[in-house]
Amino acid sequence: MSIEQLAETALAMVAPGKGIIAIDESTGTIAKRFAGVGIENTEENRRAYRELLLSTPKLNEYISGAILFDETIRQSTKDGVPFAKFMSDNGMIPGIKVDKGTHALAGFPGEVVTEGLDGLRARLEEYYKLGARFAKWRAVINIGDDVPSGTCIEANAHALARYAALCQEQGLVPMVEPEVIMDGNHDIETCYEVSEVTLRALFDALYNQNVALEGTILKASMVLPGKDCDEQASVDEVAEATLMCLKSAVPAILPGIVFLSGGQSDDDATAHLDAMNRMGPNPWPLSFSYGRAMQSAALKLWSQDLTGNYASAQATVYERAKANGLAALGQWTRG
Ligand code: 13P
């Protein structure tokens with residue numbers, strides 16, 4: 001696999017006015033989302049729900065690709081078409097979550113490190129054969145008293161870079177995700193400092209592991225005050241802080257940056273992305289890779305009547321995709 005091919009995939013992921021839908025919830029995480037709306041967490045319900053999302057009519061107008069979970073990339077539509085093939089046939093790039101989740105970082109209470117490097121080369125080889133063309137790994141950086149430590153940031157950056165190098169070796173574009181978590185009462189300045197030091201450590205580590213940035217996508221968190229902070233920030237303040245932080249730490253050669261929603265409301269996630277693009281031109285395309293902010297409304301609707309609300313739930317997915325696609329161009333209008 002050449003760097004040119006990886007770069008081509010990366011650019012297609014952030015094509016103008018398009019973004020990614022993240023539907024890679026692990027079985028444990030989707031259990032929580034289903035429990036929230038009273039859906040039983042069976043394999044068939046998970047399959048049917050992912051089919052609902054992926055087969056939303058005209059989804060490819062605003063969605064370039066989707067991140068799948070291991071179980072999902074092995075599943076098919078009710079007509080027997082494997083989801084990865086269904087996506088490619090419909091002009092969307094299949095992606096796959098390849099990390100194995102977070103584990104307590106020994107010696108550092110309150111901090112976690114993402115695992116999943118053991119055996120990763122063989123797993124990537126299989127995912128490529130199953131149709132995946134990009135792969136996501138999420139690191140989690142918490143903010144709290146004396147947290148994050150430099151050790152936690154370094155350990156996570158190192159793992160992200162090792163995974164990214166393996167992805168490129170196996171022909172998959174790495175989507176590197178260092179998520180700075182919104183929980184806590186910290187202010188926006190603290191989030192800025194933590195995000196900046198985390199991104200600098202990440203790009204150092206990617207450089208040290210010979211990762212080609214032209215074939216890499218960053219999945220970033222926005223610079224926000226903690227959920228419990230008394231002083232919340234305006235849309236423009238979040239957009240300005242996030243842009244400044246990214247400009248100070250992310251090389252311009254990167255083909256694109258997509259954001260996670262991280263627990264923001266649907267409207268906030270869209271408004272922040274839109275504001276950043278209105279403030280452009282920026283060094284990279286800025287788009288979305290939302291999970292909850294793409295799905296929550298549709299999941300709620302579907303849960304109320306699995307057959308009766310199928311089409312209206314899909315219409316909701318389409319509306320969220322359209323709003324975020326317009327925000328990726330700085331052309332969204334509220335309401
Ligand atoms: P949220 O947009 O719900 O934060 O999910 C995105 C994601 O993939 C987190 O890893």
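Residue numbers count from 1 along this sequence. Start at 1 and go down the list; that is how both ligands and their atoms are numbered.
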Check: Between R121 and E125, does at least one N-O distance fall below 4.0 Å, as a salt bridge requires?
Finding: no
Notebook entry, point to check: Under 4.0 Å between a Lys/Arg side-chain N and an Asp/Glu carboxylate O for E25 and R50?
Noted result: yes
Note to self: Any side-chain to backbone donor/acceptor pair from Q170 onto A165? Under 3.5 Å, distance only.
What the structure shows: no
Checklist line | Q168 side chain to G215 backbone, donor-acceptor under 3.5 Å | finding: yes
Can you tell me which portion of [X] lies within the under-4.0 Å heavy-atom range of ligand 1? Options are side chain, backbone, both, or neither.
X: S261; value: both
X: D24; value: side chain
X: R138; value: side chain

Next item on the list: In sequence, state the C-alpha distance, the side-chain angles, and the governing distance for Y318 and E61, and then conclude on side chain to side chain donor-acceptor pair (under 3.5 Å).
Entry: CA-CA 9 Å; Y318 180 80; E61 288 177 4; 2.5 Å; yes
Give the numbers and elements of all ligand 1 atoms closer than 4.0 Å to a heavy atom of [X].
X: A22; value: 8 (O)
X: G262; value: 1 (P), 2 (O), 4 (O)
X: Y290; value: 2 (O)

Next item on the list: For the pair T270 and R320, evaluate side chain to side chain donor-acceptor pair (under 3.5 Å) and give the outcome as yes or no after the intermediate values.
Entry: CA-CA 9 Å; T270 305; R320 293 298 304 137; 2.9 Å; yes
Please report which non-hydrogen protein atom sits nearest to [atom], along with the residue it belongs to and the distance in Å to one decimal place.
atom: atom 9 (C) of ligand 1; result: E177 OE2, 3.3 Å
atom: atom 5 (O) of ligand 1; result: G291 N, 3.6 Å
atom: atom 10 (O) of ligand 1; result: K136 NZ, 2.6 Å

Heavy-atom contact under 4.0 Å between [X] and ligand 1?
X: S289; answer: yes
X: A293; answer: no
X: K97; answer: no

Note to self: What verdict does the side chain to side chain donor-acceptor pair (under 3.5 Å) test give for T27 and E71, after you've listed the backbone C-alpha separation in whole Å, the side-chain angles of each residue and the deciding distance to 0.1 Å?
What the structure shows: CA-CA 8 Å; T27 309; E71 176 185 85; 4.7 Å; no
Notebook entry, point to check: Where does the angle between the aromatic ring planes of Y49 and W302 fall among parallel (under 30°), tilted (30 to 60°) and perpendicular (over 60°)?
Noted result: parallel
Margin query: Can you confirm whether K247 is buried at NZ, in the sense that more than 12 heavy atoms of other residues, nucleotides or ligands lie under 6.0 Å from that atom?
Written below: yes
Check: So which of Q295, K219, E179 gets nearest to atom 7 (C) of ligand 1, if we judge by its closest heavy atom?
Finding: K219
